[in-house]
Amino acid sequence: MGPRYQAVKGTRDVFPPESERFAQAETIAREVFSSHGYGEVRTPCLEPTELFARSVGETTDIVHKEMYTFADRKGRSLTLRPENTAGVVRAVVEAGLATGPMPLRLWYEGPQFRYERPQAGRYREFRQIGVELFGVASASGEAEVLRMLFAFLHALGFRSLSVSLNSVGTSQSRAAFGEALRGHLEPKASAFSEDDRRKIEQNPLRLFDSKDPAVRAALEGSPRTLDFLDDASRRHHEEVRRLLGEAGIPFKDDPSLVRGLDYYTRTVFEVVSADLGAQDAVLGGGRYDNLVEALGGPSLPAIGFAIGEDRLLEAAPFSAAARAFVLVIPQDAEHLDDALRLAAEIRQSVPDASVEVDLLARGFKKGMARANALFEAAPVQRLDPGRMFAVLLGAQERQQGTVTAKKLDTAEQTMVRRNEIGHWLATRLAEARA
Ligand code: HAM
């Protein structure tokens, strides 16, 4: 019989050491983004359903079939956010920041919810690290955001990633493109599903999100967004390409990239990692110059991206740094208080080590068995096998004012004066690291 309760399909539990990789990626994000002047914004997971319909778009897959939407006890329709750009824009307008000093630079991290078919790298609850830059209409917005993105990806150890780049133009040029696309697809639509035929009518760009081979085949040789750009959007796109080249950011033009959300104007981009089995994107973003106004704020240009944290970590070459480890083992329950005190003292001296007490006070023999089991599991637990110690504390030690330190990889044993153990461990751990 399986466990009585199981995680909801498409959600998952993350334990150490995987949770430490999440924390480390988030720490690096915080460091890189704050060094570029971005501050963290935290917005609710729950938003009014209407917000996503108005921003992401009524006819997108996300809004049409992937949202967790429910009525609350007063009958208000609420949705667990499927993405966070809409929520951040809502928050910025609500707080009056959209009419404040510009540029406004924000980043966020947190869970998002989409009712998708779960598979590797695709979950119903997943986390995103995202960035939104408000108030910059020129291509220097793209340049800043993409430079910062690459600084972050490099800090995680990625080297050979490339941006797929396109421009979807303004709402007018998009409408002209949509019309041409409809003309191209309608004669081939008999092979499409009902849902995809509906998209031809309502929002032909959304056909690019389809995985149906019939649709993919029909899209070959279809009109391209770039052929419908107005002059200003074309110049903007050229400027983005020039600035990315100057920044040394590798990119490829992808004329079929339109992104699965309706709020984009002009620049859209994605990064796909070859390290991930499926060709799912690790991150995506773009410019959304009309969204702030559409959600009741002033006319304010903006650009941003969101990284799928789960996918990022599945592909990321970095691993959390292995830690030093000390297990303080009391001889019996009588020495437990003293062991707790000693552990606190040791933590002061070796703040980057993981210092544990054998709280079960099961004696030296079983305590050492536990220490050795942790030593065996060091790679999985992300502990540094060369920097692991057990510290034994019993009647004899207490009487002599000493403790017994054991280095777990060599089983070498040393008597150390109790009031010197912190310093002794700090020195030994530093030597072992060098
Ligand atoms: P998005 O492309 O819908 O864009 O999502 C961004 C990233 O979230 C994807 O590239 C992917 O890595 C991750 N992601 C999406 N769905 C799932 C899933 N079911 N499981 C795991 N990861 C997933 C946005 O969300 C926009 N808000 C990005 C943006 C910000 N545009 C401008 N500013």
Side-chain angles (χ1 to χ4, degrees), residues 8-12 14 22 25 33 38 41 43 47 51-52 55-57 60-68 80-92 104-134 136 141-142 144-146 148-149 153 161 163-164 166 168 206 208-209 257-273 275-292 295 301-316:
V8 170
K9 185 174 177 191
T11 71
R12 64 195 184 125
V14 181
F22 273 87
F33 299 161
Y38 286 70
V41 58
T43 61
E47 295 281 0
L51 178 70
F52 301 110
S55 55
V56 174
T60 57
D61 282 353
I62 294 178
V63 171
H64 190 62
K65 48 190 183 198
E66 294 173 0
M67 294 206 303
Y68 282 91
L80 284 173
R81 61 183 183 194
E83 63 98 55
N84 210 21
T85 304
V88 170
V89 171
R90 190 234 359 105
V92 161
L104 174 63
R105 296 180 165 95
L106 296 170
W107 74 277
Y108 55 82
E109 187 284 327
Q112 319 292 330
F113 305 85
R114 294 184 194 176
Y115 193 85
E116 291 191 85
R117 198 163 46 79
Q119 60 180 55
R122 193 191 291 157
Y123 306 96
R124 290 182 174 172
E125 179 180 348
F126 58 97
R127 305 190 79 93
Q128 284 185 344
I129 295 176
V131 159
E132 313 293 354
L133 166 66
F134 296 91
V136 183
E142 276 86 342
E144 169 167 302
V145 157
L146 282 158
M148 182 167 83
L149 169 65
L153 294 171
L161 293 180
V163 177
S164 303
N166 196 20
V168 294
R206 296 283 61 95
F208 282 101
D209 309 334
L257 179 68
V258 296
R259 308 264 303 123
L261 305 97
D262 279 348
Y263 50 61
Y264 291 114
T265 52
R266 297 190 170 168
T267 310
V268 289
F269 57 89
E270 278 184 1
V271 171
V272 174
S273 165
D275 303 336
L276 287 171
Q279 280 295 294
D280 278 334
V282 178
L283 66 93
R287 183 170 275 287
Y288 49 96
D289 289 344
N290 300 333
L291 183 60
V292 179
L295 295 182
I303 177 168
F305 62 79
I307 304 169
E309 223 179 325
D310 308 80
R311 290 184 194 171
L312 179 81
L313 291 180
E314 279 160 34

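Each ligand, and each atom within it, is numbered from 1 in the order the structure gives. Atoms considered below: every heavy atom in the structure, side chains included; atoms not considered: hydrogens, waters and symmetry mates.
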Fill in: Atoms in ligand 1 flagged as close to T85, the criterion being non-hydrogen separation under 4.0 Å
26 (C), 27 (N), 29 (C), 30 (C), 31 (N), 32 (C), 33 (N)
Worksheet item: What residue and atom, counting heavy atoms only, is the protein's closest point to atom 33 (N) of ligand 1, and at what distance?
Response: E132 OE1, 2.8 Å
Practice prompt. Measure the distance from atom 20 (N) of ligand 1 to every protein heavy atom, then report the residue, atom name and distance (to 0.1 Å) of the closest one.
Written response: Y123 N, 3.0 Å
Worksheet item: Does any N or O in the side chain of R81 come within less than 3.5 Å of the main-chain N or O of P111, such that one atom is a donor and the other an acceptor?
Response: yes
Discussion item. Under 4.0 Å, heavy-atom basis, I'd like to know which part of L283 is in contact with ligand 1: side chain, backbone, both or neither.
Written reply: backbone
Worksheet entry | Closest approach of F305 to F33 (non-hydrogen atoms, all atoms of both residues) | CZ-CZ, 4.4 Å
Discussion item. Taking 4.0 angstrom as the limit and counting only heavy atoms of A281, give me the atoms of ligand 1 inside it, by number and element.
Written reply: 9 (C), 10 (O), 11 (C), 12 (O)
Worksheet item: Which of the atoms of ligand 1 are close to E116, meaning less than 4.0 Å from one of its heavy atoms?
Response: 16 (N), 17 (C), 18 (C), 19 (N)
Discussion item. Between ligand 1 and G121, can you find any atom pair, the residue atom being a heavy atom, that is separated by under 4.0 Å?
Written reply: yes
Practice prompt. Any atoms of ligand 1 less than 4.0 Å from a non-hydrogen atom of L261? List them with their elements.
Written response: 3 (O), 4 (O)
Worksheet item: For ligand 1, which part of R259 has a heavy atom less than 4.0 Å away: the side chain, the backbone, both, or neither?
Response: side chain
Item to complete: Might you point out which heavy atoms bring E83 and F52 nearest each other, and give the distance in Å?
Response: O-CE2, 3.8 Å
Discussion item. Testing the 3.5 Å rule here: is there a donor-acceptor pair between the side chains of Y263 and T85?
Written reply: yes
Discussion item. Under 4.0 Å from a heavy atom of G284: which atoms of ligand 1 are those, numbered in the order shown and with their elements?
Written reply: 10 (O), 28 (C), 29 (C)
Discussion item. Just to be sure I'm reading this right: ignoring hydrogens, which of F126, F113, Y263 gets closest to atom 23 (C) of ligand 1? Compare them by their nearest heavy atoms.
Written reply: F126
Response to the item:
Nearest heavy-atom contact between Q128 and N84 is OE1-N, 4.2 Å
Worksheet, complete the sentence: All heavy atoms of L257 vs all of N166, minimum pair found to be O-ND2, 2.8 Å
Worksheet entry | Minimum-distance protein heavy atom relative to atom 31 (N) of ligand 1 | Y264 OH, 2.6 Å
Discussion item. Between D310 and R127 (side chain of the first, backbone of the second, donor and acceptor by atom type, cut-off under 3.5 Å), is there such a pair?
Written reply: yes
Fill in: Atoms of ligand 1, numbered as shown, that sit under 4.0 Å from any heavy atom of R114
1 (P), 3 (O), 5 (O), 15 (C), 16 (N), 25 (O)
Fill in: Among Q128, Q112, R311, E270, closest by any non-hydrogen atom to atom 25 (O) of ligand 1
Q128
Practice prompt. May I have the step-by-step check of salt bridge (charged side-chain N to carboxylate O under 4.0 Å, His left out) for E142 and R266, ending in yes or no?
Written response: CA-CA 11 Å; E142 276 86 342; R266 297 190 170 168; over 6 Å; no
Discussion item. Between R206 (side chain only) and T60 (backbone N and O only), is there a donor and an acceptor less than 3.5 Å apart?
Written reply: no
Worksheet item: Can you find an N/O atom of R122 closer than 3.5 Å to an N/O atom of ligand 1?
Response: no
Worksheet item: Taking non-hydrogen atoms only, is Y288 closer than 4.0 angstrom to ligand 1 via side chain, backbone, both or neither?
Response: side chain
Worksheet item: Would you say E83 and ligand 1 have an N/O pair spaced under 3.5 Å apart?
Response: yes
Worksheet item: Do any N or O atoms from the side chain of R114 and from the backbone of M67 form a donor-acceptor pair under 3.5 angstrom?
Response: no
Fill in: R287 side chain vs T267 backbone, donor-acceptor pair below 3.5 Å
no
Worksheet entry | Numbering as shown, the atoms of ligand 1 that approach G285 to under 4.0 Å (heavy-atom distance) | 31 (N)
Fill in: Contact atoms of ligand 1, heavy-atom distance to V282 under 4.0 Å
10 (O), 12 (O)
Worksheet item: Looking only at side chains, do E125 and Y68 share a donor and an acceptor under 3.5 Å apart?
Response: no
